[in-house]
2 protein chains.
Amino acid sequence: MPKTSHKGSDFDCVTCIMRKHSDWRVLATDEVDLLARGQTRYSYQSGESIYSMGQVGNGVHCMCAGTVAIRRLDAEGNSVLLHLAYPGDTLGYESVLTGEPHRCSAEALGPAKVCHIDARTVKQLLDANPNLGLQFLRRTAASLDAAQDKLVHHATLSNRAKLAHLLLVLMDRYGRETVDGANTMHLPVSRRDLASMIGARHETVSRIISRLENEGIAFFSGRSVRVPHIDALLEEIRPQLVG
Amino acid sequence: MPKTSHKGSDFDCVTCIMRKHSDWRVLATDEVDLLARGQTRYSYQSGESIYSMGQVGNGVHCMCAGTVAIRRLDAEGNSVLLHLAYPGDTLGYESVLTGEPHRCSAEALGPAKVCHIDARTVKQLLDANPNLGLQFLRRTAASLDAAQDKLVHHATLSNRAKLAHLLLVLMDRYGRETVDGANTMHLPVSRRDLASMIGARHETVSRIISRLENEGIAFFSGRSVRVPHIDALLEEIRPQLVG
DNA sequence: CGGGGGTTTGAGTCCGTTCAAAATACGTGG
DNA sequence: CCACGTATTTTGAACGGACTCAAACCCCCG
């Protein structure tokens with residue numbers, strides 16, 4: 001099923017609610033008009049690719065709705081899920097800035113609405129408003145910080161602790177608290193992806209999940225998760241000595 | 001032993017050789033003058049701290065000579081060596097941009113020359129020349145890319161493969177080829193640090209080194225390393241399946 | 001209803017860690 | 001220059017976590 005597109009007047013950045021929560025909030029009124037003219041809105045179905053590793057980007061992607069997986073493949077074809085992107089995030093600007101091919105692929109994990117902004121428009125805006133570049137810089141620095149935190153976790157935590165941490169992070173975004181104080185959520189990713197996010201085999205994740213269920217810490221059914229006492233997951237994150 | 005400083009006229013960015021290889025190369029002549037006025041050059045001894053995690057940066061640091069280790073500590077006090085910085089690199093600008101405390105510490109791994117540039121001067125220059133911000137953005141994007149590559153390696157490689165890869169990377173910078181085709185280098189870091197760079201215990205690194213010696217792949221004596229056939233190390237980097 | 005991917009479970013093995021102790025290198029002051 | 005205390009590195013033995021290979025299961029979708 002191909003993605004659907006809506007050009008120009010059909011949708012307008014001027015009225016976009018997400019824009020105020022994104023890097024584009026630094027733009028002046030006339031610059032937003034320029035942004036709106038250079039933009040095309042796309043709707044993606046679950047599993048559809050927004051861009052692929054190796055391609056040269058011809059623009060940036062601004063998320064309005066849904067969840068997008070940022071993956072990188074190694075030489076053996078392993079896919080590692082590096083990051084989940086959400087509304088307000090801008091994707092793929094590295095390639096536009098450097099002219100180099102994308103180093104990651106971006107794939108919709110469910111119905112998603114993503115606006116594509118023409119490379120020429122992006123460059124015009126960066127030229128017109130230096131704050132946009134500084135905003136991108138702040139955002140990229142935050143991503144780098146997050147990536148370094150993940151590196152520290154990979155170096156110091158066990159797979160069980162990393163999975164517990166990941167569940168807490170996902171619960172923060174997807175979770176709902178029920179009347180009895182338990183937390184529940186619907187996982188946005190498969191267990192294979194959960195495994196690649198923490199750098200473990202999927203069988204290992206499966207086994208850790210079994211143990212968490214036996215110990216009454218978390219209960220899984222398909223992609224829905226129920227955690228009776230969220231503190232029990234927090235207890236799992238105990239770093240070990242490294243070095 | 002305290003670091004030594006040289007203010008203003010004692011050293012000058014205008015004549016600095018490294019500047020042309022750094023982010024500051026985008027500056028115009030009059031902007032370089034401004035840079036030179038806001039700058040102080042420091043000499044650090046091995047082990048001295050340039051800045052520490054938790055501090056708020058009052059400027060950025062521009063490396064002229066030496067090697068600097070960028071570390072992060074976790075809650076248990078584990079130090080993870082995230083990155084090695086070299087002449088031409090600019091350090092600590094994230095904290096200046098966001099006003100948040102440093103997320104990492106920077107420590108000289110040997111005699112190093114690093115210029116400190118006043119936060120006010122940095123902001124003036126970012127204001128005066130938008131290309132400087134874009135240059136920082138490109139640099140940060142490259143760092144993010146490198147961090148993500150490390151994440152993929154941590155997720156897919158064994159400790160042995162990760163150590164082999166690290167040795168190859170270090171050999172690229174510190175290595176010299178001898179007449180018989182072997183490669184030798186002097187390691188810039190301790191084995192403890194080597195271990196934290198690949199996310200393993202130092203005992204494990206010690207054991208891997210023993211095995212590499214028994215197999216004739218690499219020979220260690222103190223901090224000097226000799227690799228008779230560099231291809232043998234390349235052979236070690238075989239990713240395994242993950243996910 | 002028949003695939004096919006994702007998931008679970010099992011058994012066996014190996015890698016890497018833990019704890020402990022010895023050996024070595026290093027810096028400092030005498 | 002050497003003695004000494006400290007930190008780093010090496011090595012050992014035992015344990016446990018995580019991986020490999022394999023088979024069965026499940027569920028979704030065509």
Side-chain angles (χ1 to χ4, degrees), chain A residues 1 45-47 69 76-79 81 107 109-110 153-164 186-215 218-225 236 238-243, chain B residues 1 45-48 69 76-79 81 107 109-110 154-164 186-215 218-225 236 238-243:
Chain A
M1 187 188 301
Q45 300 300 314
S46 186
E76 300 289 297
N78 284 316
S79 137
L81 209 171
E107 174 198 328
L109 289 181
H153 282 157
H154 278 233
T156 59
L157 299 180
S158 66
N159 282 344
R160 177 172 169 134
K162 280 186 279 184
L163 181 61
H186 184 83
L187 287 172
V189 295
S190 69
R191 274 147 222 239
R192 262 192 136 75
D193 279 335
L194 280 184
S196 88
M197 289 173 91
I198 65 170
R201 310 299 325 259
H202 65 276
E203 299 100 316
T204 303
V205 167
S206 217
R207 275 180 243 275
I208 295 172
I209 285 175
S210 299
R211 261 178 274 155
L212 290 177
E213 289 185 332
N214 289 336
E215 296 169 27
F219 300 92
F220 293 71
S221 170
R223 285 200 175 180
S224 57
V225 188
E236 295 296 328
R238 294 247 169 278
Q240 303 149 299
L241 291 174
V242 159
Chain B
M1 188 187 299
Q45 299 301 314
S46 186
E48 274 190 292
E76 301 289 297
N78 284 316
S79 138
L81 209 171
E107 175 198 328
L109 289 181
H154 278 236
T156 58
L157 298 181
S158 67
N159 281 345
R160 177 173 169 132
K162 279 185 280 185
L163 181 62
H186 186 83
L187 286 173
V189 295
S190 69
R191 279 150 217 236
R192 260 193 140 74
D193 279 334
L194 280 184
S196 88
M197 289 173 92
I198 65 170
R201 311 297 328 261
H202 65 276
E203 299 99 317
T204 303
V205 167
S206 216
R207 276 180 242 276
I208 294 171
I209 286 175
S210 300
R211 261 177 273 153
L212 290 177
E213 289 186 332
N214 289 335
E215 297 169 27
F219 300 93
F220 293 71
S221 170
R223 285 199 176 181
S224 57
V225 188
E236 294 296 328
R238 293 247 169 278
Q240 303 151 299
L241 290 172
V242 159

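The model shown is predicted, which means the values in this text are computed figures rather than measured ones. Labels below follow one simple rule: chain letters A, B, ... track the order of the sequence lines, proteins then strands, and each chain is numbered from 1.
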Report yes if some heavy atom in the side chain of B:Arg160 is under 4.5 Å from a heavy atom in the side chain of B:Leu212; otherwise report no. yes
Starting at CG of B:Leu194, measure out to CD1 of B:Ile208 and round the result to the nearest 0.5 Å. 10.5 Å
Charged N to carboxylate O under 4.0 angstrom, A:Arg211 versus A:Glu236? no
Just the rounded figure in Å: distance from P of D:dT10 to CZ of B:Arg223. 12 Å
Hey, could you give me the OG1/CG distance between A:Thr156 and B:Asn78, rounded to the nearest 0.5 Å? 6.0 Å
Between D:dT8 atom P and B:Phe220 atom CZ, what is the distance in whole Å? 19 Å
Just the rounded figure in Å: distance from P of D:dT9 to CG of B:Asp193. 8 Å
Using five base pairs at each end, measure the axis-to-axis angle across the helix from C:dC1-D:dG30 to C:dG30-D:dC1 and round it to 10 degrees. 50°
Between P of C:dT8 and CG of A:Leu194, the distance in whole Å: 10 Å
Rounding to an integer number of Å, can you tell me how far B:Asn78 CG sits from C:dT17 P? 12 Å
Under 4.0 Å between a side-chain N or O of A:Ser206 and OP1 or OP2 of C:dT9? no
Atom CG of A:Asn159 and atom C1' of D:dG16 are separated, to the nearest Å, by 13 Å
I need a per-nucleotide contact map over nucleotides 20-25 of chain C, read 5' to 3'. Cutoff is protein heavy atoms under 4.0 Å; write B for the base, S for backbone only, - otherwise. ------
Within the side chain of B:Ser221, is there an N or O that forms a donor-acceptor pair under 3.5 Å with the backbone of B:Ser224? no
Set out, in order, the CA-CA distance, both residues' side-chain angles and the distance that settles side chain to side chain contact (heavy atoms under 4.5 Å, CB included) for B:Arg223 and B:Ser190, then state yes or no. CA-CA 7 Å; B:Arg223 285 199 176 181; B:Ser190 69; 3.6 Å; yes
Distance in angstrom units between B:Ile209 CD1 and D:dT10 C1', rounded: 10 Å
With nearest nucleotide decided by heavy atoms, which residue, A:Ile208 or B:Val205, maps closer to the 5′ end of DNA chain D? B:Val205
Quick one: is B:Thr204 getting a side-chain N or O under 4.0 Å of the C:dT17 phosphate, OP1 or OP2? yes
Strictly below 4.0 Å: does B:Arg192 bring a side-chain N or O up to OP1 or OP2 of D:dT9? no
Could I get the full list of ring pair (Phe, Tyr, Trp, His ring centres under 6.0 Å) partners for A:His153, not counting sequence neighbours? A:His165
Between the CZ atom in B:Arg191 and the CG atom in B:Leu163, the distance rounded to the nearest 0.5 Å is 10.0 Å
For A:Leu157 and D:dG17, what is the distance between atoms CG and P respectively, to the nearest whole Å? 15 Å
Could you grab the distance from atom CZ of B:Arg192 to atom CE of B:Met197, nearest 0.5 Å is fine? 15.5 Å
